[in-house]
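Before any comments, here is the structure.
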Amino acid sequence: MITLSDDPRLNLARGALGAVRIVHDPMLPPRVLRLVNADGNEFFAKQHSERDRYTRELHAYLAWGSHLIGHVPRVVGRQDRTCTLLLTAVPGVRVDTVAPGSPEEEQAHYEAGRVLGNLHHATSVSRTGAVGTELAQRLRDWIARADRAGLMSTIERERLSHHADVLANTLMDSAVCHLDYQPRNWLLGDDFGLCDFEHMRRDARIRDFARLEFRRWQAAPNLRTAFFAGYGEPLNDTEQRLLESFGAIEAVTALVRGHEQEDLALSTHGRTVLARLA
């Protein structure tokens, strides 16, 4: 058990900032600390349990943060040995705490589209087959995990396998993608803020819309409209069909993770998305 005296996050922060105090924040996961230094400035110290996620998040901030200046935290300290990052805090309130149906929620989706559009347009590569082949294999791996756990019927497995075939045979734009782009990782303040880059990598551009499409926009299509107004271009019919195939990944990963983590809400979400793909 790590105590505060030997916590790598605190040690990193004190070495970089001097004296700091911890601010209790029940919305943060246990591996993240909210800190304030002597000047009253806020920071976050985050320790990863998986080295590849630490490496990916560090690379994302250093390599792609230049496309998001003013919207994302800055890395002010790191300790590779303990997979720990020290980040500046982006001012604002988490968008998942904003009242549903409010003007602020719609404005947040517009700003989210605008900021993601800047990132995608700066890093986009047109119509490559490699990304579809990789995603198809990833989907087939998840299907196999779900099958071994007895989480789907033969018909459901065939339905998901069809979408894997679609991905494998589709040329699609790639871009640097956040891949967990949803309101819990957005901050609404004087400027729109974005955090949590541990999943960020080059992927299919359209896939970056999947969590919004299947977790939020179905119940609130006005938010989809606001998002794409900010993004600068709506999905065409071909891209919308491709997004449905990314729903297959959303469905099966939710089923497997919900089962493994005994998370009923996540499992139910997977079932709901899977039914939509019928």
Side-chain angles (χ1 to χ4, degrees), residues 29-31 48-57 127-185 196-219 224 235 237-278:
R31 57 200 175 96
H48 285 271
S49 59
E50 299 176 26
R51 180 162 296 277
D52 62 336
R53 291 198 175 185
Y54 165 76
T55 302
R56 185 181 300 131
E57 185 159 34
R127 295 179 62 78
T128 173
V131 65
T133 300
E134 179 183 341
L135 287 170
Q137 186 56 54
R138 190 175 302 163
L139 175 53
R140 291 184 179 112
D141 291 343
W142 281 104
I143 293 169
R145 287 176 65 175
D147 209 22
R148 287 193 296 270
L151 299 177
M152 64 178 65
S153 67
T154 300
I155 292 175
E156 289 170 334
R157 183 174 63 251
E158 290 174 351
R159 186 184 307 157
L160 292 171
S161 296
H162 164 73
H163 286 287
D165 292 339
V166 170
L167 294 176
N169 292 285
T170 301
L171 296 177
M172 59 190 78
D173 297 347
S174 74
V176 172
C177 296
H178 185 275
L179 295 178
D180 193 14
Y181 207 64
Q182 55 180 323
R184 71 182 185 188
N185 291 321
D196 196 356
F197 282 15
E198 65 184 59
H199 301 286
M200 200 170 189
R201 61 178 177 267
R202 180 167 290 279
D203 208 293
R205 179 177 65 87
I206 303 301
R207 191 179 173 215
D208 233 1
F209 312 135
R211 292 201 169 174
L212 290 168
E213 175 71 15
F214 295 102
R215 299 189 185 196
R216 190 70 188 96
W217 290 343
Q218 297 300 304
R224 184 194 293 112
L235 297 181
D237 291 344
T238 299
E239 291 169 335
Q240 184 62 46
R241 287 193 296 271
L242 182 58
L243 186 55
E244 294 295 313
S245 289
F246 290 133
I249 299 177
E250 175 81 8
V252 71
T253 55
L255 283 176
V256 173
R257 287 177 173 148
H259 170 73
E260 293 176 348
Q261 299 167 12
E262 298 183 345
D263 185 331
L264 180 59
L266 191 57
S267 295
T268 300
H269 170 66
R271 290 281 168 210
T272 300
V273 176
L274 186 57
R276 171 181 164 170
L277 299 175

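In this chain, residues are counted from 1 in sequence order.
- Interatomic distance, OG1 of Thr170 versus CD1 of Ile206, reported as 11.5 Å (0.5 Å rounding).
- Ile143 has its side chain within reach of Ser161: a pair of non-hydrogen atoms, C-beta onward, lies under 4.5 Å apart.
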Test side chain to side chain contact (heavy atoms under 4.5 Å, CB included) on Leu179 and Met200; report intermediate values, then the result. CA-CA 6 Å; Leu179 295 178; Met200 200 170 189; over 6 Å; no
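- In terms of heavy atoms, Phe246 sits closest to Ala204 at CZ-CB, 3.5 Å.
- Here Asp203 contributes atom CG and Glu134 contributes atom CD; the two are 7.0 Å apart, rounded to the nearest 0.5 Å.
- No more than 12 heavy atoms of other residues, nucleotides or ligands lie within 6.0 Å of CD in Glu262, so this atom counts as exposed by the packing criterion.
- The minimum heavy-atom distance linking Leu255 with Ser267 is given by the pair CD2-O, 3.8 Å.
- Counting heavy-atom neighbours within 6.0 Å of Asp237 CG, excluding the residue itself, gives a total of 12 or less.
- Closest approach of His269 and Phe214 over heavy atoms only: CE1-O, 3.2 Å.
- Annotation: the span from Asp263 atom CG to Thr268 atom OG1 amounts to 8.5 Å, rounded to 0.5 Å.
- Minimum heavy-atom separation, Val166 to Ser245: CG1-OG, 3.5 Å.
- Of the N and O atoms on the side chains of Glu57 and His199, not one donor lies less than 3.5 Å from an acceptor on the other residue.
- Between Arg207 and Val131 there is no side-chain heavy-atom pair separated by less than 4.5 Å.
- Val273 approaches Ala251 most closely through the heavy-atom pair CG1-CB, 3.8 Å.
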Trace of the salt bridge (Lys or Arg N to Asp or Glu O under 4.0 Å) decision for Arg31 with Glu198: CA-CA 13 Å; Arg31 57 200 175 96; Glu198 65 184 59; 2.9 Å; yes
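- Taking a cutoff of 4.0 Å between a charged side-chain nitrogen and a carboxylate oxygen, Arg276 and Glu213 qualify as a salt bridge.
- The pair Arg140-Asp165 counts as a salt bridge, with a side-chain nitrogen and a carboxylate oxygen less than 4.0 angstrom apart.
- The side-chain heavy atoms of Leu212 and Pro183, taken from C-beta on, include a pair separated by under 4.5 Å.
- Taking a cutoff of 4.0 Å between a charged side-chain nitrogen and a carboxylate oxygen, Arg257 and Glu250 do not qualify as a salt bridge.
- Here the CE-CG distance, from Met172 to Leu242, works out to 5.0 Å after rounding to the nearest 0.5 Å.
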Test side chain to side chain contact (heavy atoms under 4.5 Å, CB included) applied to Arg215 and Gln182, step by step:
CA-CA 9 Å; Arg215 299 189 185 196; Gln182 55 180 323; 3.7 Å; yes
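- Looking only at distances, a side-chain donor or acceptor of Asp173 sits under 3.5 Å from a matching main-chain atom of Arg127.
- Between Asp180 and Arg211 there is a salt bridge, since at least one side-chain N of the basic residue sits less than 4.0 Å from a carboxylate O of the acidic one.
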Applying side chain to side chain contact (heavy atoms under 4.5 Å, CB included) to Arg145 and Val252, what does each step give before you reach the verdict?
CA-CA 9 Å; Arg145 287 176 65 175; Val252 71; over 6 Å; no
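- Just one of Arg241, Gln240, Arg224 meets the side-chain contact (heavy atoms from CB on, under 4.5 Å) condition when paired with Leu235; it is Gln240.
- In this structure, CG on Leu151 lies 5.0 Å from NE2 on His259, to the nearest 0.5 angstrom.
- Residues Leu160 and Leu139 come closest through the heavy atom pair O-CD2, 3.7 Å.
- Panel note: side chain Asp208, backbone Cys177; no donor-acceptor pair is recorded below 3.5 Å.
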- prompt: Under the side chain to side chain contact (heavy atoms under 4.5 Å, CB included) criterion, do Val176 and Arg201 qualify, and how do the steps go?
  reply: CA-CA 5 Å; Val176 172; Arg201 61 178 177 267; over 6 Å; no
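- One finds the CD atom of Glu260 at 10.5 Å from the CG atom of Leu266 (value rounded to the nearest 0.5 Å).
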